[in-house]
Every structure is written in structure tokens, then in C-alpha cells.
There are 2 protein chains.
Amino acid sequence: MLSIGKLGRAAGVKVPTIRYYEQIGLLSPATRSEGNQRLYAPETLSRLAFIRHARDLGFPLEAIRDLLALQDDPHQPCAAADAIAQAQLQAVNRRISQLNALRCELEKMVAQCAHGSVGECRVIEVLGNHDLCLHPDHDEGHGPLADHDHASH
Amino acid sequence: MLSIGKLGRAAGVKVPTIRYYEQIGLLSPATRSEGNQRLYAPETLSRLAFIRHARDLGFPLEAIRDLLALQDDPHQPCAAADAIAQAQLQAVNRRISQLNALRCELEKMVAQCAHGSVGECRVIEVLGNHDLCLHPDHDEGHGPLADHDHASH
DNA sequence: CTTGAACCTATAGCTACTAGAGACATTAGA
DNA sequence: TCTAATGTCTCTAGTAGCTATAGGTTCAAG
């Protein structure tokens, strides 16, 4: 049996995150020690690593919930898992093309900056006048792809 | 003088969002009609359009706050605006390369799915076993680039 | 047995909004 | 002029996915 801290270190997930996953029902409640501390069976580690990996790939928690349910029932057809992964792939692709458009415009903006005073700054000017923008379509196609920033550990 | 609704339609920003911007001090409080409704001078439209455009480019609100302050003082050197834009550009670039790695892995996952049962599904398997992943470095370099999904209007 | 680390619960905060309730204001048409 | 429809007001709470803090308890090493 693992303590929550050891489980977290092994899976690369912070302790409060594990408690959060339990709270929202992504992990089932752990058994407790006599002193009320959580104890985990080693199998929980693979489940948590699964979650972690899916989060790294940008899957939203709700999709992960579905994937875990599928994993628990290996005789089901795989189509549902495939559909979830494909949806995620499409969300990633949408986000990439959107960000490419942004990058393009940002690069032009920065390149045109003459490093003078703000009054004649292209950065400020382009932001203020959308017509100067060469990609006027960057307000479309934003998909629901969560930005996951648990990098800071 | 414009009502909040007309201002919002003209700038492509929802009414509650304008009130929110006022609340957090991004827009100064509007004058009010006798019946306590907000009235905006036409100049506010360009300020709001500026915000909208910067949001479309992914700038966080705090960066926009700084950019607006710069815009208000045209004699300052442009270096600060340039730095903000460059930081945003770098954040976008980081996010793009990160998403490219994710796309790569997702594509492999989906391509290997044999559409059988979950028990032999590559999607589930790869998620559960990080070692099967060909890009094991996707847990690094996540920058603070907000995902802005106000596309739904 | 003591000490320090790890653990517990509960609450609040983060970004950038969005949604809803219930009441008041404005405006276009009859 | 009245009325109905739409617009607007404030306030609160909710969204995703955690993170941080406070104040207390338990565990493991020495």
C-alpha cells in the first residue's frame, strides 16, 4: 500500500491533484489507515499514470473519465475510445492552425516595430486597427482544447 | 453616445464581457443615463476593439492592461510594447511546438487502432503505458498561454 | 520520545468569462 | 398615450483544472 505522497511521486502527479481527482470521482476513494490517511493499492499507480498521460496529451477530464470506464471493460468495442482520441486529435489540429495564424500576425507585428516611440509603434497600431491585420480571420474556429499547465513541477 | 449593447455589437464583444472589463478596471467606468444605464463615447469603441484584437491574438488581460497604458502615453519608447508582443510570440511558439508533439503522438495512437475490442486497443494501451509513447518529452515546456474560447458568438 | 515531514479537511483563489434571477429602462408600434 | 418587447441593471454562482493557504493530526526516523 502506498501513501498519497509516494503515489504522487511515482505517477508524477501532485498530492492535492490526487485528492482533487478523488473529489470529482475520477479516482475512487482510497482506503484509509487507522489515522485516517489515504492508502493506495499499487494498481492505482497505473490508473493515475493513465490519467496523467492523457492529461499530457490534452484530453479533458471528462474524456478521461470515459476512457477509464472503457479501460475497465475490455470486451467493449474499441470504437468509443477511438472516437475520443480522434476528437482530441481534431481539437489539437484546430488549435495548431489557429495558433499558426496568430504566430504569423505576431511575427509581422514585431518585425515591423521600428523601436521608436509608442506613438508610431506598429505593435500598438496594428492592435488598434484590425484592418491592418493580414489575417483578419483569427476570430473563428476556436475549439474547446484545454490549456493544461501542470508543467511547473 | 452608445448603449452597452450597441458598443458590444460594434466591437464584437458581448455585453457581460464589457461589464466585466469595467469591473476589473480594463475599461474606465462609463457615464450613466438618467435611468442608470451605461453610455459610451465613440472613442471607447476603438479602445474596446483594441482589447478584442489583442485577446484574439492570445494576449492575457494583464498584458493588454500594459499595452493600453502604453497607448495612452504615445511619447514613451516603444520597447515595452515590443517586449510584450515578443513574449506573446514566444508563448505562441512554445505552445505550437508542444501541440505538434501531441498531434504526432495522437496520430500514431489513432492510426494503430485496429478497431477491435478495448482489451487490445492501442489507444487505451498507449495511454496506460507511457513507455509505448514515442515522444516521452511531452511533459515539458508548457508556457502560460491562455486558451481563449470566445469563439461562440 | 521527540521532532520534522507528511498528511488531513476546508476554504479561497486563479483566468476570462458565461449564465441566471429578478427588477428597472427604453423604444417602437398601435 | 399605452403597451409590449427588448435592453439593461446588479448580484451571485458556475465553468476547467487545479493551486495555495490555514490550522490541525499522524507517521517514521533517530
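Quick note on labels: first sequence line is chain A, next is B, and so on, each numbered from 1.
A salt bridge does not link A:K108 to A:E105: none of the charged side-chain nitrogens sits closer than 4.0 Å to a carboxylate oxygen. A salt bridge between A:E62 and A:R65 is present, with a side-chain N of the basic residue lying under 4.0 Å from a carboxylate O of the acidic one. A salt bridge links A:R122 and A:E125; the closest N-O separation between the charged side-chain nitrogens and carboxylate oxygens is under 4.0 Å.
Distance CZ (A:R52) to P (D:dG17): 15 Å, rounded to an integer number of Å. Here D:dC18 presents its C1' atom at 14 Å from CG of A:D56, a figure rounded to the nearest Å. If you measure from atom CG of A:L26 to atom P of D:dA16, you get 13 Å, rounded to the nearest angstrom. A:I18 has its CD1 atom 14 Å from the C1' atom of C:dC8, to the nearest Å. Rounded to whole angstrom, the span from the CZ atom of A:R65 across to the C1' atom of D:dG17 amounts to 12 Å. Taking atom NZ on A:K6 and atom C1' on C:dA5, their separation rounds to 12 Å, with Å as the unit. Whole-Å rounding puts the B:L57 CG to C:dA16 C1' distance at 16 Å. One can place CD1 of B:I24 at 15 Å from C1' of C:dG13, the figure rounded to the nearest angstrom.
Ranking C:dT18, D:dC18, D:dG7 by closeness to the B:Q37 side chain, first place goes to D:dG7. In the set D:dC18, D:dT19, D:dG17, the nucleotide with an atom closest to the side chain of A:P16 is D:dT19. Here D:dT10 is the nucleotide among D:dT10, D:dT8, D:dG17 with the atom lying nearest to any side-chain atom of B:N36. Among the nucleotides D:dT26, D:dG17, D:dT10, the one closest to any side-chain atom of A:L61 is D:dG17.
For the pair B:S33 and C:dT26, the criterion of a side-chain N or O lying under 4.0 Å from OP1 or OP2 is met. For B:R55 and C:dC17, the shortest distance from a side-chain N or O to OP1 or OP2 is below 4.0 Å. Proximity of A:Y21 to the phosphate of D:dG17: no side-chain N or O atom is located under 4.0 Å from OP1 or OP2. Regarding contacts with the backbone of C:dC7, every side-chain N or O of A:R38 stays at 4.0 angstrom or more from both OP1 and OP2. When the side-chain nitrogen and oxygen atoms of B:S3 are compared with OP1 and OP2 of C:dT26, none of them lie within a distance under 4.0 Å. Between B:R19 and D:dT10 there is no side-chain polar atom (N or O) within less than 4.0 angstrom of OP1 or OP2. Residue A:K14 places none of its side-chain N or O atoms closer than 4.0 Å to OP1 or OP2 of D:dC18. Taking side-chain N and O atoms only, B:Y20 has no distance below 4.0 Å to OP1 or OP2 of C:dT15.
Contact of the A:L106 side chain with the A:M109 side chain is registered, since non-hydrogen atoms from C-beta on lie closer than 4.5 Å. Contact of the A:I124 side chain with the B:F50 side chain is registered, since non-hydrogen atoms from C-beta on lie closer than 4.5 Å. The side-chain heavy atoms of B:Q86 and A:V123, taken from C-beta on, include no pair separated by under 4.5 Å.
With the nearest nucleotide of DNA chain C identified for both B:E34 and B:E62, B:E62 has the one nearer the 5' end.
If you check every strand for non-hydrogen atoms under 4.0 Å, A:I4 touches sugar and phosphate atoms only. Residue A:R32 is classed as a sugar-phosphate contact, given heavy-atom separations below 4.0 Å to backbone atoms only.
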